[in-house]
Each structure stands twice: as structure tokens, then as C-alpha cells.
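All remarks here apply to the structure that follows.
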Amino acid sequence: MTIFPPDPDFEALRLELARLRAVRGWSYDELAARSGLARRTLIEIEQGRTIGTLNTWHALAHALGTPLDELFATLCNGHEPPEKAGG
């Protein structure tokens, strides 16, 4: 029997991006300049039209000064994240 993990909460992830950008008072242009991403990409992610690639999220995490694992933890909203190995 195959047990599938819960669906990731991509809505929570995009809302966290919007929150982190707002907390810093950054416009899309500011985040684009700091991340090296296109302004259009940022808008499409925040508006839920695209998920973005791992490279995109890596660039965003660096630009925002937020560890990638903390940013991605929002994907587990509403369910328990998997336990770390050895812990």
C-alpha cells in the first residue's frame, strides 16, 4: 500500500513571500534587484499564477535573508512536517 504525503500548501508559501517582502517595505522592483529575478516572476508567484523553480526560491531566500528550510516550512501548514532523520 502506498501512502502519499499531504499536499504542500503553496498558497501559504506565496503568502509568506508577500509577508516577508512587506515586512521589509520592499517593492517588487526592490526584491527583483536584490534577488536577480524578473519583477514579473515575483508578481506571478505572489499572485499564485506560478510556483517558481527551486532556483527561484533559493534566490528569494538569499535576497530575504531567510533560510530556505524556514521558508519552505510553510508548505506543511495544516499538517505535520516530516521528522528529521536521526531525531
Task: Connected via hydrophobic side-chain network under 4.5 Å: Leu54 and Phe10 - done: yes
Open item on the list: Quick check: do Thr53 and Thr56 have side-chain heavy atoms less than 4.5 Å from each other?
Closed with: yes
Open item on the list: So, using salt bridge (charged side-chain N to carboxylate O under 4.0 Å, His left out) as the criterion, who are the partners of Arg24 when residues are at least two apart?
Closed with: none
Task: CD on Glu16 to CG on Leu60, rounded to 0.5 Å - done: 12.0 Å
Open item on the list: Is there a path of hydrophobic side-chain contacts, each under 4.5 Å between heavy atoms of I/L/V/M/F/W/Y residues, joining Leu13 to Leu20?
Closed with: yes
TODO: Answer whether the closest heavy-atom distance between the side chains of Phe72 and Asp69 falls below 4.5 Å.
DONE: no
Task: Side-chain touch Trp57/Leu17, heavy atoms, less than 4.5 angstrom - done: yes
Task: Rounded distance [0.5 Å steps], CD1 in Ile51 versus CZ in Arg14 - done: 12.0 Å
TODO: Considering non-hydrogen atoms only, spot the tightest contact between Leu71 and Thr74 and give its length.
DONE: O-OG1, 2.8 Å
Open item on the list: Using every non-hydrogen atom in the two residues, find where Glu46 and Arg21 come nearest and quote the distance to one decimal.
Closed with: OE2-NE, 2.7 Å
List the atom pairs, donor and acceptor, that lie under 3.5 Å between side-chain atoms in residues 34-42 and the rest of the protein, sequence neighbours left out.
| from | atom 1 | to | atom 2 | distance (Å) |
| --- | --- | --- | --- | --- |
| Arg34 | NE | Glu30 | OE2 | 2.5 |
| Arg34 | NH2 | Glu30 | OE2 | 3.0 |
| Ser35 | OG | Leu31 | O | 2.8 |
| Ser35 | OG | Leu37 | N | 3.2 |
| Arg39 | NE | Asp29 | OD1 | 3.0 |
| Arg40 | NE | Glu44 | OE2 | 3.0 |

Task: Close side-chain approach of Asp9 to Leu75, heavy-atom, < 4.5 Å - done: no
